[in-house]
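Scroll down for the structure; my scribbles are underneath it.
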Amino acid sequence: SIAPCDLLEISAAGTPVARTRVTARCLFLTLLNTLNALPAFLLFLGLCLLSATANAQTSNVGRRYPSEKRVLVDRLTGIPITALTASPAMDLTLYQTHPQWTSDGNYIIFRSNRTGNSKLRFGLSQVFAVDEVTGDIIQLTDGPGTITGTGALFVARKSMHFYYFRGSPGEPRQFIELNLDSLLSDSKAGAMKAAASYERVIMTIPDIMNDVGAFTLDANERFAYISGLAKDFPLENNRPAGTRPKAGVDGRQEAIWKIDIQSGRLSRVIDVPLPIRIHHMQANPWVSGEIEYADGSSNAAQRTWLVNADGSGNRPIYKEAEGEWVRHEVWVDADHMYFEVQKSDLLYLAKGEKVQSSATRPTGIFSINVRTNEVKVLGQLDREGAEGFEHCAGSSDGKWAVADTYRGELYLINARTGEQTLLSTGHKMKPDHTHPTFSPDNKRIVIQSGLLSDGKTLNIMTITIPLWLQVK
């Protein structure tokens with residue numbers, strides 16, 4: 001104890017009563033006691049630093065996995081296929097309606113259960129990036145609650161940002177912006193920081209809003225659009241909470257909502273007409289403030305719709321006729337969308353009743369100009385219906401369409417001439433479809449394939465359009 005060396009003695013009442021004479025011995029004892037306490041303090045400090053370091057290292061964000069890249073040759077077509085993942089894990093693309101490549105063109109983003117989780121739709125898997133050149137795989141998200149369902153993830157086209165939702169069942173869900181530039185650079189340099197330092201929480205979304213299947217980013221990348229129920233929210237910025245008239249609002253009615261990426265402010269775009277169930281929402285990648293959405297009801301009477309971000313101009317895109325079933329619509333350029341048409345044996349009457357139809361209509365991959373409504377049939381196989389084309393995508397230069405089939409084939413269609421070329425085969429179309437998407441330079445196509453696993457799991461693969469086709 002250093003009590004004998006106190007300079008000031010305090011009475012029980014708290015007032016100074018005596019001053020102790022300071023001696024050399026007193027100062028020596030004080031210094032000795034301080035030095036005796038130093039090792040314990042340093043040990044405590046070291047444990048704190050160790051704990052902080054351990055907490056930072058428990059996250060797998062930035063973790064690098066060895067390359068699985070391999071090149072295969074299609075036995076039927078002779079065209080090379082690059083398998084970027086080849087593990088027994090389930091690896092899926094972000095879906096054909098959304099971008100797959102980072103804005104620098106170096107990485108493809110995918111979702112996977114390779115961390116040991118088994119389900120993809122309910123936040124039990126994570127998001128990864130694969131370097132197309134080296135094959136290196138980098139983990140981008142970690143921990144419970146990462147929502148990786150179809151359409152719930154978006155990689156920006158103009159900036160090195162990635163957007164996703166996080167929130168375990170029963171918990172508030174956060175809308176998050178991930179800085180890919182810093183994360184990927186630090187991962188490559190082996191200098192990862194805490195996972196949170198790469199994230200920015202934009203907002204916490206209300207419980208009655210969706211975060212799967214209907215999420216998209218505006219062309220200006222200042223706003224995101226998400227679907228939800230047609231009700232008021234406290235965060236809505238265009239009127240005080242609770243003041244919107246509720247009369248005439250059906251509890252099942254859905255709406256499109258806009259999120260300001262910087263402020264997190266939420267505002268309504270439109271309450272869509274019943275009985276529409278918003279599905280596969282896609283902002284025009286080239287025209288700001290223009291949103292396509294689909295009625296996700298099975299064989300809906302009117303599938304595709306277009307609306308402006310201020311809620312005006314809501315209208316059908318392709319008006320379906322008797323005998324048509326429209327699916328798998330995607331933007332191709334500023335003015336065109338491609339979609340698939342199958343034969344439908346349903347006819348919708350004025351009040352929504354369904355009756356059998358015997359109408360015969362063209363099927364296959366269609367193109368529509370959303371400005372002029374001009375429609376063009378790009379092509380169909382001789383074996384239409386369930387054996388014909390399914391999912392489709394288009395190159396932004398207007399030259400190519402790509403389509404898959406239930407036989408696991410991939411066809412390239414010259415959108416100008418209609419010429420069809422079989423690119424690749426054997427992709428199984430299970431446990432899911434290939435969902436082809438063009439690269440930003442229109443030279444490669446990314447798919448998810450069951451080729452290596454005989455349809456048990458999926459892997460990420462790319463196919464480069466052969467030079468002899470590119471120069472045609």
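Computed from heavy atoms alone, side chains included, the values below leave out hydrogens, waters and symmetry copies. We number each residue from 1, following the sequence as shown.
Annotation: side chain to side chain contact (heavy atoms under 4.5 Å, CB included) contacts of S103 (sequence neighbours excluded): M160. The side chain to side chain contact (heavy atoms under 4.5 Å, CB included) search around S439 returns W101, D441, R444, not counting sequence neighbours. With sequence neighbours excluded, no residue forms a ring pair (Phe, Tyr, Trp, His ring centres under 6.0 Å) with Y225.
Y164 has its side chain out of reach of V127: every pair of non-hydrogen atoms, C-beta onward, lies at least 4.5 Å apart. Between Y411 and L381 there is a side-chain heavy-atom pair separated by less than 4.5 Å. The shortest distance between side-chain heavy atoms of L451 and M461 falls below 4.5 Å. Contact check for H161 versus R200: no side-chain heavy atoms found under the 4.5 Å cut-off. Residues E290 and L306 are in side-chain contact: their nearest non-hydrogen atoms beyond the backbone lie under 4.5 Å apart. The shortest distance between side-chain heavy atoms of K399 and R416 falls below 4.5 Å. Annotation: side chain of I205 is not in contact with side chain of W257 (no heavy-atom distance under 4.5 Å). Inter-residue side-chain proximity for F175 and I261 is flagged as met; some heavy-atom pair is nearer than 4.5 Å.
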- Message: For H280 and Y95: C-alpha separation, side-chain torsions, deciding distance, then whether side-chain contact (heavy atoms from CB on, under 4.5 Å) applies.
- Response: CA-CA 9 Å; H280 289 183; Y95 200 62; 3.0 Å; yes
- ring-ring contact (aromatic ring centres under 6.0 Å, His included) between F215 and F165, intermediate numbers included: CA-CA 10 Å; F215 161 54; F165 299 89; 4.9 Å; yes
- Given the rule in the side-chain contact (heavy atoms from CB on, under 4.5 Å) test, do E322 and R361 qualify, once you have shown the distances and angles that lead to the verdict? CA-CA 8 Å; E322 181 181 352; R361 303 279 298 177; over 6 Å; no
- Message: Evaluate E324 against Y318 for side chain to side chain donor-acceptor pair (under 3.5 Å), listing each step before the verdict.
- Response: CA-CA 11 Å; E324 292 182 328; Y318 176 75; 2.7 Å; yes
- Query: Where do L180 and V155 land on the side-chain contact (heavy atoms from CB on, under 4.5 Å) test, with the steps shown first?
  - Reply: CA-CA 9 Å; L180 293 178; V155 56; 4.2 Å; yes
- Criterion side-chain contact (heavy atoms from CB on, under 4.5 Å) on M337 and Q282, from CA distance to verdict: CA-CA 11 Å; M337 296 196 79; Q282 306 168 60; 4.3 Å; yes
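Using a distance-only test at 3.5 Å, with no hydrogens or angles considered, no donor-acceptor pair links the side chain of E329 to the main chain of W331. Looking at N459, its side chain does come within 3.5 Å of a backbone N or O of S87 through a donor-acceptor pair. Counting only distance, with no hydrogens or angles, the side chain of S187 and the backbone of L183 share no donor-acceptor pair below 3.5 Å. No donor-acceptor distance shorter than 3.5 angstrom exists from the side chain of D218 to the backbone of S288, with no hydrogens or angles considered. With hydrogens and angles disregarded, no donor-acceptor distance shorter than 3.5 Å links the side chain of K376 to the backbone of N369. Checking side-chain atoms of D131 against main-chain N and O of Y107 turns up no donor-acceptor pair under 3.5 Å. Judged by distance alone, with hydrogens and angles left aside, the side-chain atoms of E68 form no donor-acceptor pair with the main-chain N or O of T85 at under 3.5 Å. For Q470 (side chain) and I465 (main-chain N/O), a donor-acceptor pair under 3.5 Å exists by modelled atom type. In this structure, Q100 contributes its side chain and H98 its backbone to a donor-acceptor pair below 3.5 Å. Formation of a donor-acceptor pair under 3.5 Å by the D91 side chain with backbone atoms of S112 is not found in this model.
Considering all non-hydrogen atoms of both residues, P466 and L423 come closest at CD-CD2, 4.1 Å. Of all non-hydrogen atoms in L184 and A129, the two that sit nearest each other are CD2-CB, 4.4 Å. Minimum interatomic distance between Q380 and F389 (heavy atoms only, all atoms of both residues): OE1-N, 3.1 Å. What you find for A393 and P436 is that their closest heavy atoms are CB-O, 3.3 Å. Closest heavy-atom contact between S227 and M281: N-CE, 3.9 Å. Heavy-atom minimum distance, A415 versus G398: CB-O, 3.6 Å.
Distance check, rounded to the nearest 0.5 Å: CD1 of I368 to OG1 of T304 gives 6.5 Å. Rounding to the nearest 0.5 angstrom, the gap separating the CG atom in D181 from the CZ atom in F162 is 15.5 Å. Rounding to the nearest 0.5 Å places OG1 of T437 at 10.5 Å from NE2 of H391. Distance check: I278 CD1 to Q253 CD gives 9.5 Å after rounding to the nearest 0.5 Å. Taking CD1 from I276 and OH from Y293, the interatomic distance works out to 4.5 Å, rounded to the nearest 0.5 Å. Taking CG of L452 as the reference point, atom NE2 of H427 lies at 9.5 Å (rounded to 0.5 Å).
Among the candidates T434, L410, T464, the single residue satisfying the side chain to side chain contact (heavy atoms under 4.5 Å, CB included) test with I445 is L410. Of the residues Q342, H435, H433, the one that meets the side-chain hydrogen bond (donor to acceptor under 3.5 Å, both in side chains) test with E390 is Q342. Screening T82, I109, T93, I137 against I460 for a side chain to side chain contact (heavy atoms under 4.5 Å, CB included) leaves a single residue, T93.
There is a side-chain donor-acceptor pair under 3.5 Å between S159 and E221. Using a 3.5 Å distance cut-off with no hydrogens or angles, the side chains of T146 and Q126 do pair a donor with an acceptor. Inspection of the H328 and Q96 side chains reveals no N or O donor paired with an N or O acceptor under 3.5 Å. Side-chain N/O atoms of S395 and N442 include no donor and acceptor closer than 3.5 Å.
Annotation for R371: atom CZ counts as buried by contact number, over 12 foreign heavy atoms lying within 6.0 Å.
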